[in-house]
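Single-structure report; data block below.
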Amino acid sequence: MTGGAWLCLAAPLGGTIAILLCGTRIPRAAAGWISTSSVAVAFAGAIWAFFGVHSQSRPQIIGFGNALPQRGELTTAWTWLQSATGHHVFSVGLQLLVDPLSAVMMLIVSGVGMLIVLYSVGYMDGDDEERRYFAYISFFVFSMLLLVEGGNLLLLLVGWGLVGLSSYLLIGFWHERPSAVQAAKKAFVMNAVGDATMALAFFILIAHTHSLSFGVLSVHLSSTETSLVALGLLGGAVAKSAQIPLQTWLPDAMEGPTPVSALIHAATMVTAGVYLIARTHAIFEQARTVELIAAGTGALTLLVAGLIALVQTDIKRVIAYSTMSQIGYMFLGVGVGAYSAGMFHLLTHAFFKALLFMAAGLVIHAVANEQDIRKLRGVGKLMPFTKWCFLAGALALVGIPPFSGFFSKDSIVASAAALGTWYGWIFWVCGVLGALLTGLYTFRLWFLVFPGEPSPFVREHYHDHHGREGAWTMLVPVGILALLATFGGWLQWAPKWHPFTSWLAPAAPTLAAAAPTSTQEYFTSAATVIAGLAGIAIAWAVYSEQRLAIPAAPFLRRTFEHKFWFDELYDAVFYRPAAALAGVLFREFEEPVVLQTGPDLGETTLAAGDLMRRIQTGLLRTYVLFLAGGAAAVVLAFLIVR
Amino acid sequence: MSGPGVAWYIAIAGFLFGIGALGVLIRRNPLIVLLSLELMLNSANLALIAFARHFHNGAGQVFALAVMAVAASEVCVGLGLVVALNRKRLRLDVDSLSELRG
Amino acid sequence: MLHTPHVDWFGLGPIFALIGASFLALLCAVLVPRAARRVAAAAISGLGFAAGIALAIWLYVDSASGRTIVAGTFYRDRWTALGQIILCAIGLATTLLAVEHVPGWGSDTEPDRRDDHVAEFFALLLASTAGMAFFVGSANLMVLFLSLEWFSIALYVMCAIDYDLEGSLEAGLKYLIVGSFGAAALLFGSALVYGATGTISFHGIAAAVAAHGLTGDWFLVLGLALIIAGLGFKMSAAPFHMWTPDVYEGAPTTVTAFMSSATKVAALLLALRVMGTAFPHDSHLWTWGFAAIATASLVVGNLAALVQTNVKRILAYSSVSHAGFMLIALSAGSALGARALMYYLIPYSAMAFGSFAVVAARERELGVPVTLDNLAGFGWERPFLGVAMWFFVFGFAGLPLGGGFVGKFYVFAAAYRHGWVWLVIVGVLATLVSLYYYLGIVRAMYMRPAEELRVRTDAGVVVGGGSPARETLLQIAVGGALAVSVGSLFAVGPLIELARHA
Amino acid sequence: MNALVVASVGNGLVWIVWVVAGFSLLASGVAVVSFSNPFYSALALIGNLASLAVMYLLLSAEFVAAAQVLVYAGAVMVMFLFVIAYVGPRREEAWSGGPTWQSVGAVLAAGALLVEIVVAVGLQASGHLGSDGKVGPAFGTPAWIGRVFLTDHLLAFEITSVVLLIAAVGGVILGSHARRGVPNPEASTR
Amino acid sequence: MNATALTSILIWLPVAGALVIWMLPLSRYATGSLAVLVSLLEVGFWIDQATRFDFSRSGLQLAQQTGWISDLHVSYHVGVYGFSLWLVGLTVVAMAACTGYGFWVGRDRARAYFGLMLLLTGATVGVFEAQDLLLFYAFFEAMLIPLYILIGVWGGPRRLDATIKFVIYTMAGSLLMLAAIVVYGLQVGTFDLVSGPSSPSRWLFLGFMFAFVIKAPLFPFHGWLPDAYRQAPPEVAAVLSGVIAKAGLYGMLRIAIPKFPDPTSFYRTSVLALAAAALVYGSLLAFRSRDFRGVVAYSSLAQSGLIALGLFAGTDLGFNGAVLQMVAHGLVSVSLFLIAGTIERRTTTGEFQLLGGMAKGRPALATLLMTVGIISLAVPGSANFAGEFLILAGVFQRAWWWAAIGAGAIVLAAMYTLRLISAVLHEARGSTVDDAALDLRPGELALVVPLVGLLLALSAWPAGITRHSFPIGKAPTATVKGQFR
């Protein structure tokens, strides 16, 4: 199975290098195919690894440092970083871990990745820097796989940073657009903040355990240290998964090409935070408070994002906010301890959110890159296939049975209820409200864009692709994902059958406290489905038939449109002060003090030299005078001292 | 012998030395400066002779004689310079020789 | 019944060689036809110095144990021999430097008297070197004073020998008068010391002081002070240095090169000898005295050099500051200090001579005084001289391109051994300041943009050194200096051995 | 023979002579420094030298005294007078100008030296100086000097001659009229 | 060949090369190729040296010693330790690249130029190999001379002020060090670094540190840095920040810390504070500075601060990280300055207002600059990340807030580096960027690509350095405490 893991990791990197080296010697399209096939190979490797783990009957002890039996295997290529520290040796290998959790993630990343890369072949066709795009995207898949396969915390951080890098590269892919470049920088810097907090957490671990293998997460530290470590990791997770308070980069990231949004900012990278918490649940369980903070963050985010999504007019941004809000659900899940539920939602979300983005991409592609939903009314009539696919995704998103979202989302909310504590119920309420909002904004989008007569703008700008709604490379993946979004959820229905949970159990067992009873499950499902339907109904009433007028709440509307003023806040609190400080330092210290001190001293010395020159009058008598005076002085001194 | 002790002679020599030094310091005519230098050398000579007398050994007197010769040589070169200056129609004023300065 | 003392002719060999050569050169002036006079005189001078070096080396080898000769008036020891070797070497280099452009030629506008005083110049050069050779070996105050006057008078004349140039005359007169004043002070001091101890021989003085406990004797102290003043004048240490920049600037550059190196060597060596042998019991006085003078020289020399534009003046002030450095060694008053001084003198004299020689070359190709401005581009036109110059100035600055580096190190070591960290700090700061003008010279030679290279001379505008005369001998002289200054960095060990045995 | 003289005249006279000589010595010295005309200064110096010679006699250094008179009052001063005559009498105000600190410093420095020496002498006189005994009759006679010169200080003697020679050469170089570039009206008139 | 001879050969071969170049009247082309050949030979000899080095042994290796100044116990004593081996490697590689750059751009007055470059190589290698204080000082100073002339002759318009400033500043430090050396050497009776005992004197420690903090430089002793880095020719600026600055840090590691243990611990907090200040201050000023070289200059100030943090953390991780970071940052800043040079050759400027949009149609330039930039901001997985991670982990063990400051500075580093990248490559095309500004030529690629390749190799295996800078199996702190014996 490790062979599969290595293959899975190496293939996309190989693709990148191949594309870079070939450069302009290969046609543009070829780059796309190299990339696609490399990711396909990775998918094959992932399957190999998956069945490897599957066939591994008995749990065994793997090199975790701790003696807990696990399923899976740890494989090391070479020592990446090593240093003595005291009597111990701090050593980090370039090692991969194949266990149920990483196997699932590998499947998601490479599988969905493969579909999206294939989709990009059509989508990016004709862009004059296609090769660069595919090099980047294969590099992203590599980084993401490194993240999920990384066999120790440092390697996980490496993958963590590299996905951030490739996300930066892809967001800023159209680098002539200032907005794109800005968005890219923003994304990278905010992620760097997360990386920094993670690094700090690791420093604590190193200081106390001299190691960064996953095993050290279950060793016992003092409660403060545990909490600090957990907080550090949470910081990273929050930044990467665009949760409050580090969420502002995600909507801007929509500047990137749509497939990028689908792959990185919907299906895989942004969900890495969830994976991180699931992977490091041991430390979080030691610091339960922090874990609940994570859950709270999720709950808050899913509401805030839902509210903001209500007023967005850019089709991709609406979906982006829905992503934030769905990841909020996942955080809620893993936060309360229902790791498998969170991971399951991650899986289904990857399906339907990628689907939604790519369907949106079809639309954008067909109408000359117009993204404003107010102009796109009635495009569905011209693009039936896209329309139905999108509908499937939308229903899955809202969580209407039998679509996949229903199965995953509800069990999360249910496990919140399972806590039975006051905050448990708060989380539950948030979840249900979130379902309402989801229905509302999703179908606002739907009703605004797809049904009805095409608007003149659409008629004017719509152009099909050889009589189809898009290149087959784009339609096929959308189709496949539509099927997955529809039926993928049947993999597990918590009250009745739960293979997914039991599969993950060895790696991330659900906390007993977060295991809902069947009643809670049914009850919650009913609540959320009703909420979702209600949302849909309101959306229908408001945006389709105009039965209702939107209540005029200008303040609320402005709040939502300004995304609760987070950008303004950060600009005022962090960026401006830093820039101002730099300016002040330069004007007030660097120039006058640091750069000027030397020259000033020099000037003083030269002035002294000038004095000397004035003494040198050229008058012979002066010279004799100094000779005599000097002699007199020496004599005097000697007579005195003698 | 009786009469003024050596100390008196040295005192005189000291005075003479000071006067000569003053002359070198304040006069501008090179000739007079040279004369003042002679004064200084002579004061040294006086001291030497006096000490020779005091110690009853000849070194002092020989020294004095040698100094005379040296003084003569200095004067010789000095006067040569004065002549050269004069030939270049320069004012005989050491203050006017201040091309080199700073 | 008159017992004339036995004269150790061999012990005086180098001096006699020089004097003899001097007389021969003088004879050239009258016997050799004008056409051949220059070459003949130069050849004689060269041979004289060569002979001097040879004899001095022989003397060094032969006199492992030092003793005084000619009725205890002259030292025959390795110390003297070493000093004489250095002095003769400088003289030889000066000869090479002078041959192609003898001071005293007068202006080229009068071709009929291009060989005016050529022979006399070499005679004086030889004579003054002989005087210095005597000076470093003198064993009593009288010989000291006489030999001092000997080479001083020769130098006065050499400075003024370009008497068609007002600057030369002025330099001569200033040097003469200030020098005579200094000599008078030294003489009076000697008289007082004689008065205090009743003897004029160095050993005798020390013995008398020891015998009668004259350490604090008024006359002795007074005389010592005046002697220090007189010597301080010769080594151009502040505040007795004031004549230095003017004379160095006014004198013919060849003469300046000779003075700046040879005079310092002689004066410092002798000062070390006098203080060590005659006044060991007053070291508590003269160590401090020299330390103070050293500090003054470092401060004055370096500060004043900062603001100069005339290169000869810069180098003059730098020689003042180096007098300061060497006085640090002297003021340590220890064997280490002596070695330090001995060692320092070798690269220093080479660098001083070499730098002035380079200036001379530039001066000859421009026909005007060399300033930082008209030095522009020199490094590119005359690569060898340029490289030599930056070796010299960086060596002055104590950068590890030459013995100057090790010399400074030695000097500081000596000062620290003597417990004077403050003096080390002073030296360090002085070096720091000195960097500015040393670097300034290199900057002028290499880093000025091309358009600054045009300089105005009395012969109209010339592009700096357009087609300079190839002065092979000058380049040989500079090369020799370069070899010595760089070689002394690597050959520290052997040189120190020489100094140690001296 | 002078020893007899001194012996006969006795102390009082010695003192008187000393005082007179000393006075004229200093007076002439001051005169040398303060005359505005070099010619007078030169004459004053002759007087100075003469009184010095007397001092030497008092110190029983006949030969030196004689040499003093011959060499100085004879050769050197004559040389001086010639040059002064050649240059022509030039008047110059006695006290030169220049920077004020210059003059002040001049007086201070010279004064300081003078005072220091005299003070030292005074302090010393209380010490071992002062006393002084008889000297042998030969002391200071030419013969005696000659012996000293040829035995103990042979080298000095030789050096002196060299110095004189060099000075002569120098004087020739600097003073020589030969093929002078600069036209010299005085020379032509003379 | 005798293995120990290699140590001296590495120092004197380039010097000999310089002399040959000055002696022979070769053509510009011949001169350049000779110089490049010599610098490549250096690399070869270094590889040979590295292969002969026994990383498991502790103590000085491949050492040579002959007397120099016998009566003061000063000797010509050279040799290498693990970490100095890496720094020598950095030197020869960087110098080879920079000499090659000089050859590629065809510097005028070729003989002088290449001679000086070779001289610089020899002196710098000497600094890292010298095992005698006076010898160390000699080489430390000797580096200045070629630098002075290189900057002063081939530098930018305001080069004269820059050179004077640079030399005076650095000499101010090193002269005090000379005083300290004299005192130390005479106190302990030897100038030998290996046999010399440790000293408790705080003054001496300060004397040495003064020289090193100016050379490194640390805040606020960097007054010479901005001008020097802006006015120097790009390849010389590359050497300055990539190699010469490391000499100061090397001095801390080799001399200041092991020879003065008590003063080190006494002043530890102060030095750490200076280092942290340099880190934050440098990053802030890099963030506001308006030209390519300004950013790189201030960022290397920040990096020096970071490395000093690692050194004075006094922990094993810190030492290992510092050595790794010295090499990694050396390579990074050399590459960055060379790229800056290529850009300035095309656009005549490094001003951000006048640049931009260069990525379009210049894939090689874009890729290389992007790669180096990304590595220099220490993206996880890069060699610089490994170094910074170890350093901060190490200093964390000293006190958590140092690491916190460092982590903050990492975010700042991301900000200014990305700003640099996009100002040059992205958005609208700058006014000076025209079609005449071509992509990197093969010659330039041949210079930069190997450096980047080395960086990537180092990123793939940072342990290659961290395991081999100090004797394997011995804790660095122990080694340092034992004065590397």
Side-chain angles (χ1 to χ4, degrees), chain C residues 335-336 339-340 343 379-380 383-384 386-387 390-391 393-394 397-401 405-406 408-417 421-436 438-440 442-449 489-497 499-500, chain E residues 22-23 25 66-72 74-76 108-109 111-112 115 119 123 126 133-135 137-145 148-149 151-155 157 159-160 163-164 166-187 191 203 207:
Chain C
L336 179 59
R339 283 205 298 280
Y343 176 82
W380 299 119
F384 172 69
V387 169
W390 66 262
F391 267 78
V393 293
F394 280 136
L399 289 169
L401 270 188
F405 164 68
V406 180
K408 279 204 168 71
F409 170 67
Y410 249 107
V411 166
F412 292 154
Y416 175 71
R417 271 281 171 76
V421 178
W422 65 272
L423 207 48
V424 177
I425 300 297
V426 171
V428 159
L429 294 179
T431 312
L432 183 60
V433 174
S434 71
L435 267 174
Y436 182 82
Y438 288 133
L439 295 181
V442 176
R443 178 175 52 189
M445 287 195 305
Y446 287 95
M447 305 177 187
R448 293 291 183 72
L489 172 62
F490 295 95
V492 177
L495 291 176
I496 289 304
E497 284 313 301
R500 183 200 293 280
Chain E
W22 283 336
M23 297 299 171
T66 56
W68 185 21
I69 308 181
S70 47
D71 63 342
L72 292 178
V74 176
S75 63
Y76 170 82
D108 56 352
R109 292 170 168 148
R111 284 170 63 198
L119 214 55
L133 272 171
L134 194 66
L135 192 64
Y137 177 78
F139 285 125
F140 201 76
E141 298 284 277
M143 294 191 302
L144 274 184
I145 298 158
Y148 172 66
I149 300 179
I151 303 175
V153 174
W154 289 274
R159 59 189 188 282
L160 295 185
T163 45
I164 284 291
F166 168 59
V167 176
I168 300 277
Y169 259 94
T170 42
M171 281 295 280
S174 47
L175 279 169
L176 282 183
M177 175 167 75
L178 176 61
I181 287 177
V182 170
V183 175
Y184 169 86
L186 292 179
Q187 271 182 357
F191 288 83
W203 285 111

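Below, read A as the first sequence line, B as the second, and so on, with proteins coming before strands; counting in each chain starts at 1.
- The shortest distance between side-chain heavy atoms of C:Leu489 and E:Trp68 falls below 4.5 Å.
- The CE atom of E:Met171 sits 7.5 Å away from atom OG1 of C:Thr431, with the distance rounded to the nearest 0.5 Å.
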Practice item. Show your reasoning for whether side-chain contact (heavy atoms from CB on, under 4.5 Å) applies to C:Val387 and E:Trp22. Key: CA-CA 10 Å; C:Val387 169; E:Trp22 283 336; 5.5 Å; no
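- Looking at E:Ile168, the atoms closer than 4.5 Å to chain C (heavy atoms on both sides) sit in the backbone and in the side chain alike.
- The number of heavy-atom neighbours closer than 6.0 Å to CH2 of E:Trp203, taken from other residues, nucleotides and ligands shown, is 12 or below.
- The candidate from C:Leu435, C:Leu495, C:Ile425, C:Leu336 with the greatest count of non-hydrogen atom pairs under 4.5 Å with chain E is C:Leu435.
- Put simply, of E:Val167, E:Val182, E:Ile181, E:Val74, the one with the most heavy-atom pairs under 4.5 Å next to chain C is E:Val182.
- When the candidates C:Phe405, C:Phe412, C:Phe409 are compared by the number of heavy-atom contacts under 4.5 Å with chain E, C:Phe409 comes out ahead.
- With a threshold of 4.5 angstrom between heavy atoms, E:Ala112 approaches chain C through side-chain atoms but not through N, CA, C or O.
- Using a 4.5 Å cut-off between heavy atoms, C:Val424 contacts chain E through its side chain alone, with no backbone atom that close.
- Of the atoms belonging to C:Phe384, not a single heavy atom falls under 4.5 Å from chain E.
- Of all the heavy atoms in C:Pro400 and E:Ala138, the pair that sits closest is CG-O, 3.0 Å.
- E:Arg159 places a side-chain N or O within donor-acceptor distance of the main-chain N or O of C:Met447, the cut-off being under 3.5 Å.
- Of the inter-residue distances, the one linking C:Phe394 atom CZ with E:Ile149 atom CD1 reads 5.0 Å to the nearest 0.5 angstrom.
- Distance CG/C:Leu432 to CG/E:Leu178: 12.0 Å, rounded to 0.5 Å.
- Contact annotation for C:Val433: neither backbone nor side-chain heavy atoms come within less than 4.5 Å of a heavy atom of chain E.
- Here the straight-line distance linking atom OG1 of E:Thr163 with atom CZ of C:Arg443 works out to 6.5 Å at 0.5 Å rounding.
- For a residue to count as touching a neighbouring chain, one of its non-hydrogen atoms must lie under 4.5 Å from one of that chain's; by this rule E:Tyr169 does not touch chain C.
- Remark: E:Leu144 CG to C:Leu399 CG distance equals 7.0 Å, nearest 0.5 Å.
- Atom CD1 of C:Ile496 and atom CD1 of E:Ile69 lie 7.5 Å apart (nearest 0.5 Å).
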